[in-house]
Amino acid sequence: MDFFAFQWHITDDCDQRCKHCYIFSEDNTKPLITMSYNDIIHVFNNCIRMCKKVNRTPYFTITGGDPLLHPDFWKIMKLFKDNSIRFGILGNPFHLNNEICKKLHDYGCEFYQLSIDGLKDTHDYFRKDGSFDITLDKIACLKNANIHANIMTTVSKTNINEIPEIIDKIVEYEADLFSFARYCPTSLEKSVQMSPNEYHDLLDVCWERFEKYKDSNTHFNLKDHLWTLFLYEKGIFEIPSDLDDDVIYDGCNCGNSHITILPTGNVYACRRMESKVGNALFEELYDIFFSEKMDKYRQYEKFEKCSKCELLRFCRGCPAVSYGTTHNMYSADPQCWKKV
């Protein structure tokens, strides 16, 4: 089944002001936008029309802010259930309890992603006091309701040395899935940037942990595309011999099978970088996706380093991290250690 993924930010409203949040990192006085229910219906139907035209099955990740704070949240859940549309949620732990989790499951929520961005002191520094313990406590709450409890970590130089112990903790609490992605700088900042060797060493240590816990109840998702390079160099990933030269097989889904929709209706090729390509309230998503603006994210020959690499169609690192570092998404991934 071929999916098309929509990451839909239905509200900016949130209980936290995380230091690496895309909404608040630049301007903590910005107005908080919440998409009205009528606009929710309009955008929802727009997404469904697009998927019918491209013969893809829609899959939604509902987020914010904290989506549970949307005033019409349960009406939105009913909209998805009534149309038999699959979805998961990225949110905070603070409003979860046994009753809410059971209700989410009844409406069809397949997973709920929580964040752990360091051990207790570091995580609470990034988010707010008490967040670490509450997040761990809610893993069981979600699992008891038969919702996959997923844990995501944003990695930077600030917390890189804590990742192995985070993995230990996640396995101890039996989260269903663990993954991490790199922090995308928002102001050309350098202090939190990891060197290529530092990041490679992290992957090496994490891989040892993943092998150690391969029979645990936690699945490890190799979300960062530089995992492909890591496994290629270890001989675990091999480039198939019978490839179509015109096909992108893996790597960043920007411009391929994913878009982000914000509470304003603005459509981004990727939420992790400035990449507005249209507005779902005033344009057809099908037209946006096949527009010249979106083509910019499919011009793989422009990638300064990746275009020279045999892994171009499988990796491409993270263009958003490249953009955050240089304001040029085609520049070399700052953590890629490969010589080309």
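Salt-bridge formation is not detected for the pair Lys102/Glu99: no Lys NZ or Arg NE/NH1/NH2 atom is positioned less than 4.0 Å from an Asp or Glu carboxylate oxygen. Ionic pairing of Lys120 and Asp133 is present here: one or more N-O contacts between side-chain nitrogen and carboxylate oxygen are shorter than 4.0 angstrom.
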Test side-chain hydrogen bond (donor to acceptor under 3.5 Å, both in side chains) applied to Gln335 and Asp224, step by step: CA-CA 11 Å; Gln335 277 80 50; Asp224 192 321; over 6 Å; no

Side chain to side chain contact (heavy atoms under 4.5 Å, CB included) between Tyr232 and Glu310, worked out: CA-CA 11 Å; Tyr232 177 66; Glu310 67 270 30; 3.0 Å; yes

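Note that Arg182 lies in the cation-pi zone of Tyr199, set by a 6.0 Å cut-off to the ring centre and a 45° limit from the axis. Under the 6.0 Å distance and 45° angle rule, Lys75 counts as a cation-pi partner of Tyr37. Cation-pi geometry between Arg298 and Phe289 is satisfied (NZ or CZ under 6.0 Å from the ring centre, within 45° of the ring normal). Figure legend: Lys52 and Tyr286 shown without cation-pi pairing, the cationic atom not lying both under 6.0 angstrom from the six-membered ring centre and within 45 degrees of its axis.
Annotation: the span from Ile139 atom CD1 to Ile170 atom CD1 amounts to 5.0 Å, rounded to 0.5 Å. Here the CG-CD1 distance, from Leu114 to Ile134, works out to 11.0 Å after rounding to the nearest 0.5 Å. Interatomic distance, Leu79 CG to Tyr107 OH, rounded to the nearest 0.5 Å: 11.5 Å.
Taking the six-membered ring for Trp, Trp207 and Phe220 have ring centres at least 6.0 Å apart. Between His200 and Phe230, the gap from one ring centroid to the other is short of 6.0 Å.
Counting heavy atoms of neighbouring residues, nucleotides and ligands inside a 6.0 Å radius, atom NZ of Lys223 does not exceed 12 of them. Environment of CD in Glu292: sparse, with no more than 12 heavy atoms of neighbouring residues, nucleotides or ligands closer than 6.0 Å.
Placement of Leu142 and Met152 in two distinct hydrophobic clusters is found when ILVMFWY residues are connected by side-chain heavy-atom separations under 4.5 Å, directly or transitively. Cluster annotation: Phe80 and Tyr112 are assigned to the same hydrophobic cluster (Ile/Leu/Val/Met/Phe/Trp/Tyr, side-chain heavy-atom contacts under 4.5 Å, transitive).
Proximity of Thr135 to His123: side-chain heavy atoms (C-beta onward) are separated by under 4.5 Å at one or more points. Here the side chains of Lys103 and Trp74 are in contact, with some heavy-atom distance below 4.5 Å. At a threshold of 4.5 Å between non-hydrogen side-chain atoms, the residues Phe303 and Lys308 do not count as touching.
Defined by atom type and a distance below 3.5 Å, a donor-acceptor pair is missing between the side-chain atoms of Ser115 and Asp117.
Proximity of a side-chain donor or acceptor of Ser275 to a complementary backbone N or O of Cys270 within less than 3.5 Å is detected.
Hydrophobic cluster membership for Tyr268: Leu262 (Ile, Leu, Val, Met, Phe, Trp, Tyr linked by side-chain heavy atoms under 4.5 Å, directly or transitively).
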